[in-house]
Amino acid sequence: MTSWIDDEAEALEAAVAPLSARAAAARPAPYLDGLNPDQRAAVETLDGPVLILAGAGTGKTRALTTRIAHLLHTGRARPNQILAVTFTNKAARDMRSRVGSLVGGVVEGMPWLGTFHALSVRILRRHAELVGLKSNFTILDTDDQVRLIRQIVQAHRIDEKRWPPRLLAGLIDGWKNRALTPARVPASESSAYDHRGAELYAEYQDRLRTLNACDFGDLLLHVLRILQGHPDVLAQYQRWFRYILVDEYQDTNVAQYLWLRLLAASHRNICVVGDDDQSIYGWRGAEVGNILRFEKDFPGTAVVRLERNYRSTAHILAAASALIAANEHRLGKTLWTETPGGEKVRLIGHWDGEEEARWIGEEIEALGRGTRGLDPVRPDGIAILVRASHQMRAFEDRFLTIGLPYRVIGGPRFYERQEIRDAMAYFRVAVSPDDGLAFERIVNVPKRGIGDKALQEINRTARASGVSLLDAAGLLVANGGLPPRAHAALGQLVDGFDRWHAAVRDGHDHLELAEAILEESGYTDMWRAEKSPDAQGRLDNLKELVKALGEFENLQGFLEHVSLVMENETDEGAEKVSVMTLHAAKGLEFPAVFLPGWEDGLFPSQRSMDASGIKGLEEERRLAYVGITRAERLCTVSFAANRRVYNQWQSQLPSRFVDELPAAHVEVLTPPGLYGGGFVAAAPGRSTLADTVAKADVYNSPGWKRMQARAGERPVSPPREAREMVIDATASAAFEAGTRVFHQKFGYGTVADVEGDKLAIDFEKAGRKNVVARFVTAADAVPF
DNA sequence: GTCTGCGAGGTTTTT
DNA sequence: CCTCGCAGAC
């Protein structure tokens, strides 16, 4: 089990010996060609702390990978002396392959290039005993974590309704992100769970140790503890890792920051790359403060700013820059580009969310044909970026209707599906019979008549005899004491695991074994017998799972991989439009980007603002910035006046971000296109973008009518509604408190308050709502 | 121990 | 509205 670890240690120690004087400066470095001066500085400033502030699209990854190539080329470090940290497996893979192509594949591997978590596992396996674990500890996924916490909460007789386990799991995660041990949890945050939050946390840690398991946060924290408590170990790693590079530094949390600071403390050869304007993971513990503070933490830092953008046109860049300028706490960058003008950012308002989806569908088809003087944009060059995943449905529905190929990125992930987790739990017990959590998961899946009662009995026996759950189950079967049905079923299961574990030990072909486990346990039969429509899909997934096993040498290797790599298979290369959340879009780029749903409350999200106030709003604004800067040539922002939320119509106000877009770089479109002139005069003294969009007379245009005729199959917003909107807009100045009004979706009501064109109205049926004046008519004007 | 009906709640997500 | 999780009936 530990052999590779020892080999590696040897290799690393050997590597510490002075490098041969293999001519650094003398040899040419072709990879430097084509870098701009800033990028060169980022690559060539090798010693001491370096902070690379890399705006969107400025060649950040290129700088980082070239820097690694340069370290290798100049002989500053061998591949295994570079610690390169990323956040996602995808980023790690990208970096690996790009370094490979830069140095011509001469360099064998880079063992210490990976995610914080993967690297931590590597370190932790070597020193597990220092934190009371065995080196074959298991890594819990969120599911296991919550189940374990539920047990603890139940044991304390705490009301699960009031204090859901999931909430505590979230709190514990938050504490771990901040590197807080149970003893250090501030009293003020422990008030939940009857002031026993920290106590429950401590108990959870005890349980983990007993189970020889870690959750994700522990991977980092245990390594921290080891490095802090064992100077000799720390010194060893500091010697091994001569150069440290960190990608997406703005996303690091406190624990990760401490982790890095320890490892970099001696030589301080740490280079971090990031963009404070793209920090969008505050809600899961990322500390923008880390990057804002870097220069203070590492005095003498060389700061390199990458400000030349190679991705977007000038208008897109200007719009993004103006928007993000509204944020207060920034390091500040001035992005520039030599790509001239191009299309302005397009802005369009719609009647409702369905029309928005319909319009975007048509735009995509138009883009495919080549429109507005642009070269045709193929589907895979187009992305729709939404704030929240529920927004994706409208697009999926629409695209299915018109037969537009699309893919959703970031849906439920393969390894998080129930059937996959169940199967994996079987594998886990077969590999490590001690894995109690996995055993509990599948002991009654498929139904074996082993319910709470029997499980309690197993648990009691396990505790009494100090053995694992599986062994306890074996004891119970041997000694009797269970109802006949449970007895027989459990006996069969225990026998099964005996067999399967033996097969693992004997090195049986793991593909065959996996299939046998799923068959003999009755697991696949369970799904075959299931009548529900998705049962077949689940069986297919299981086949897929077994196939994926083929890429690994054995079950252990596979399980280890999956515990750290929970990502989806991406069918890349397909000619499909991408639909994803803004979060998922970070790091990607597309010729054409659609940003729908820019409405207050949806984006910026009300919940973010409620939870974190101005800080939350600023993070939302960064999200908007990330969205716009994904676009290379065409960026289209849209919002709808009405949206169905939980099947209730809700009137929406345009996002404040719409008004923050600079008018000079924005073109206001008239939906659905064509030549309907906006005849509603702009109200004097007001000229925000949102107003401009509202005033364009959309619905009286010939284009609109033609569109409706064409749409045929399904009635779109009735023209009368639309015409009324226009009438309303004209009359909007006239509303005053007390006016009786009518709204298409909410019915009759009375104006309670007027603020500009925004009205607070008490509706008779729907209660108090905030509505833009143009969506409302004076009650007597309704033609009934 | 398993099945059915009722009520609550319903951002973002990687490892 | 639709999904999930829990409590009560078989």
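Here is how names work: the chains are called A, B, and so on, in the same order as the sequence lines, proteins then strands, and each is numbered from 1. Reckoned from all heavy atoms, side chains included, excluding hydrogens, waters and symmetry mates.
Residue A:Thr115 is classed as a sugar-phosphate contact, given heavy-atom separations below 4.0 Å to backbone atoms only. At a threshold of 4.0 angstrom between heavy atoms, the contacts of A:Gln145 with the nucleic acid are absent.
In this pair, A:Trp527 and A:Tyr523 present their aromatic rings perpendicular. The plane angle is above 60°, beyond the 30 to 60° band. The aromatic rings of A:Phe558 and A:Phe552 sit perpendicular to each other, their planes meeting at more than 60°, with 30° as the lower class boundary.
For DNA chain B, the residues of residues 282-290 of chain A within the heavy-atom distance limit of 4.0 Å (strictly under) are A:Trp283, A:Arg284, sorted by number.
The nearest whole Å value for the distance from the NE2 atom in A:His390 to the P atom in B:dT13 is 11 Å. Residue A:Gln418 contributes atom CD, which lies 12 Å from atom C1' of C:dC4 at whole-angstrom precision. When rounded to the nearest whole Å, the span between CZ of A:Arg147 and P of C:dG5 equals 13 Å.
Between A:Glu248 and A:Tyr281, every side-chain heavy-atom pair lies at or beyond the 4.5 Å cut-off.
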What protein N or O atoms touch nucleotides 2-7 of chain B N or O atoms at under 3.5 angstrom, if any, and at what distances?
unit_1: B:dT2; atom_1: OP1; unit_2: A:Gly449; atom_2: N; d: 3.3
unit_1: B:dT2; atom_1: OP2; unit_2: A:Asn444; atom_2: ND2; d: 3.2

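Side-chain nitrogen and oxygen atoms of A:Thr581 include at least one within less than 4.0 Å of the OP1 or OP2 phosphate oxygen of B:dT13.
A salt bridge (Lys or Arg N to Asp or Glu O under 4.0 Å) with A:Lys586 holds for exactly one of A:Asp275, A:Asp251, A:Asp277; it is A:Asp251.
In the set B:dT15, B:dT12, B:dG1, B:dG1 carries the atom at the smallest distance from any side-chain atom of A:Ala454. Distance from the side chain of A:Arg607 is smallest to B:dG10 among B:dT13, B:dT15, B:dG10. Closest approach to the A:Thr142 side chain among B:dT12, B:dT15, B:dG1 is made by B:dT15 (side chain taken as heavy atoms from C-beta onward).
Side-chain N/O atoms of A:Asn136 and A:Gln556 include no donor and acceptor closer than 3.5 Å.
Among all heavy-atom pairs drawn from A:Val223 and A:Ser120, the shortest one is CG2-O, 3.6 Å.
When the side-chain contact (heavy atoms from CB on, under 4.5 Å) test is applied to A:Arg485, no partner is found at least two apart in sequence or on another chain.
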